[in-house]
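Below is one structure; the comments refer to it alone.
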Amino acid sequence: MSKDLTTIVDFNYSLIADFFKHLNRQGPGSLQVTKQALSYIDNLSQVKNMADIGCGTGTQTLTLATNTNAHITAIDLIPEMIEVMDTRIVDAGMSDRITTIVGSMDNLPFEESLLDLMWAEGSIYGIGYERGMNEWHKYLKTGGYIAVSEATWFTNERPAEIEEFWNENYPEIDTAPVKIRQMQDAGYTPVAYFKLPEYTWIDCFFKEMPPVAKDFLTRNGNNETAKIFIEMVEHEESLYMKYKEYYGYGFYIGKKI
Ligand code: SAH
């Protein structure tokens, strides 16, 4: 593997999109996990205004639309993700329930105190968990909820190889008690935390990749950058399989005070 291109931030968005938009999910998660997170929200039937931030191609957005009465504004930075999602929304007959926006999570287009629920599965890293918790707070009504999944250490000590990987990719990864404290300090009552089961990585995320990787390489004429990209993705999978007792994703649900 090249020493120059080792993390996803080294690749341009169109290459990232050209791989990830062909997957159902762009991160670990599942229908059951989204429903479990929803189960911690009191008076869910009263939730009217909702945002799904870093929605990707929208698998969890469709689950949210099916399991709530809310209108959902779904936002992603990468236009190709939103294009795929728009087609899926039409196919699912959900056009009146979901509005999509190409935009950035550091400049959200919401009025203050408007939202009942803010959702971000595997995406708050784009702004950083602590910054997201603090900056998004103003968009929620008092008593509104935030629900995010986020990279989490499951142990206090970790092998050096995996520490180094995360320090390069997302140094804000931390243990659940730290994340819960940050949530509370940002002005929410922590309501629930749970660890995403391993199948949400292995079966719902990694398993889809081999045929997508094959097509991706063909489409890109097996060029060097495309090969390095796939090596990086495969490297991430092998690290997960080796170190999954030390890290994964946690779901964090909080209620605005
Ligand atoms: N929620 C989806 C996608 C997770 S991948 C799922 O669970 O499958 C993370 C997504 O966040 C990507 O689609 C990426 O384009 C988006 N993203 C990253 N940084 C962002 C930013 N600053 N603003 C908006 N979206 C961002």
Side-chain angles (χ1 to χ4, degrees), residues 7-38 50-67 72-89 98-110 117-136 139 146-152 169-170 172-173 194 196-197 199-209 212 229 232-233 236-237 240 248-253:
T7 76
I8 195 149
V9 291
D10 296 312
F11 294 93
N12 69 41
Y13 282 135
S14 67
L15 197 78
I16 295 171
D18 188 27
F19 179 75
F20 281 103
K21 78 173 184 182
H22 297 284
L23 299 170
N24 248 323
R25 305 199 58 99
Q26 287 70 46
S30 73
L31 172 74
Q32 292 84 345
V33 160
T34 301
K35 286 173 82 170
Q36 186 178 342
L38 274 175
M50 187 172 171
D52 184 12
I53 301 160
C55 57
T57 58
T59 293
Q60 78 291 319
T61 322
L62 292 171
T63 303
L64 294 168
T66 307
N67 291 280
I72 305 171
T73 304
I75 297 179
D76 203 281
L77 190 62
I78 302 185
E80 291 93 328
M81 301 289 185
I82 295 291
E83 260 169 48
V84 173
M85 187 172 172
D86 284 340
T87 308
R88 296 177 79 191
I89 293 169
I98 304 169
T99 304
T100 58
I101 296 178
V102 176
S104 183
M105 58 177 75
D106 60 10
N107 184 23
L108 293 171
F110 301 116
L117 177 55
M118 295 183 84
W119 207 268
E121 286 197 32
S123 56
I124 195 170
Y125 75 84
I127 190 174
Y129 175 93
E130 197 172 12
R131 183 177 163 202
M133 279 290 152
N134 281 285
E135 286 189 9
W136 297 351
Y139 301 116
I146 190 161
V148 307
S149 65
E150 161 78 342
T152 301
N169 280 277
Y170 183 57
E172 222 184 305
I173 184 173
F194 64 95
L196 269 69
Y199 81 84
T200 64
W201 291 74
I202 298 167
D203 298 318
C204 305
F205 189 42
F206 296 138
K207 214 183 216 165
E208 276 200 304
M209 290 184 182
V212 171
F229 182 89
M232 176 207 69
V233 169
E236 289 191 18
E237 178 176 355
Y240 179 75
Y249 264 45
F251 226 118
Y252 298 85
I253 297 109

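Start at 1 with the first residue, then count along the sequence. Ligands are counted one by one from 1 in listed order, and the atoms in each one are counted from 1 as well.
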* Asked: For atom 24 (C) of ligand 1, which candidate among G54, G103, G126, C55 holds the nearest heavy atom?
  -> G103
* To do: Nearest heavy atom to atom 14 (C) of ligand 1 wins, so pick from D76, N24, L77.
  => D76
* Option set Y125, W119, F20, Y13, criterion heavy-atom distance to atom 18 (C) of ligand 1, minimum -> Y125
* Assert yes or no for the condition that the ring centre distance of W201 to Y249 is strictly below 6.0 Å. => yes
* Structure fact -> If you scan protein heavy atoms around atom 6 (C) of ligand 1, the nearest is Q60 OE1, 3.2 Å
* **Pairing of E121 and R25 as salt bridge, 4.0 angstrom limit** => yes
* **Atoms of ligand 1 close to G122 [distance to a heavy atom under 4.0 angstrom, numbered from 1]** => 4 (C), 5 (S), 9 (C)
* Do any heavy atoms of I78 fall under 4.0 Å from ligand 1? -> yes
* Asked: Do I75 and P109 have side-chain heavy atoms sitting under 4.5 Å apart?
  -> yes
* Asked: Donor-acceptor pair, E172 side chain versus Y129 backbone, under 3.5 Å?
  -> yes
* Sub-4.5 Å side-chain heavy-atom contact between Y139 and I146 -> no
* Asked: For the residue pair F229 and F11, does the interplanar ring angle fall in the parallel (under 30°), tilted (30 to 60°) or perpendicular (over 60°) class?
  -> perpendicular
* Structure fact -> Atoms of ligand 1 under 4.0 Å from any heavy atom of G27, numbered from 1 in the order shown, are 8 (O)
* Asked: Of all the non-hydrogen atoms in the protein, which one sits nearest to atom 5 (S) of ligand 1, and at what distance?
  -> Q26 CB, 3.4 Å
* M209 side chain reached by F19 side chain, heavy atoms, under 4.5 Å -> yes
* Asked: Which residue owns the protein heavy atom closest to atom 7 (O) of ligand 1, what's the atom, and how far is it?
  -> R25 NH2, 2.9 Å
* Asked: Looking at ligand 1, does S104 have a heavy atom less than 4.0 Å from it?
  -> yes
* Closest approach of any protein heavy atom to atom 4 (C) of ligand 1, naming residue and atom -> E121 O, 3.4 Å
* To do: Provide, to 0.1 Å, the distance between atom 21 (C) of ligand 1 and the closest protein heavy atom, together with that atom's residue and name.
  => M105 CG, 3.4 Å
* Can you check whether T57's main-chain N or O pairs, donor with acceptor, with T59's side chain at less than 3.5 Å? -> no
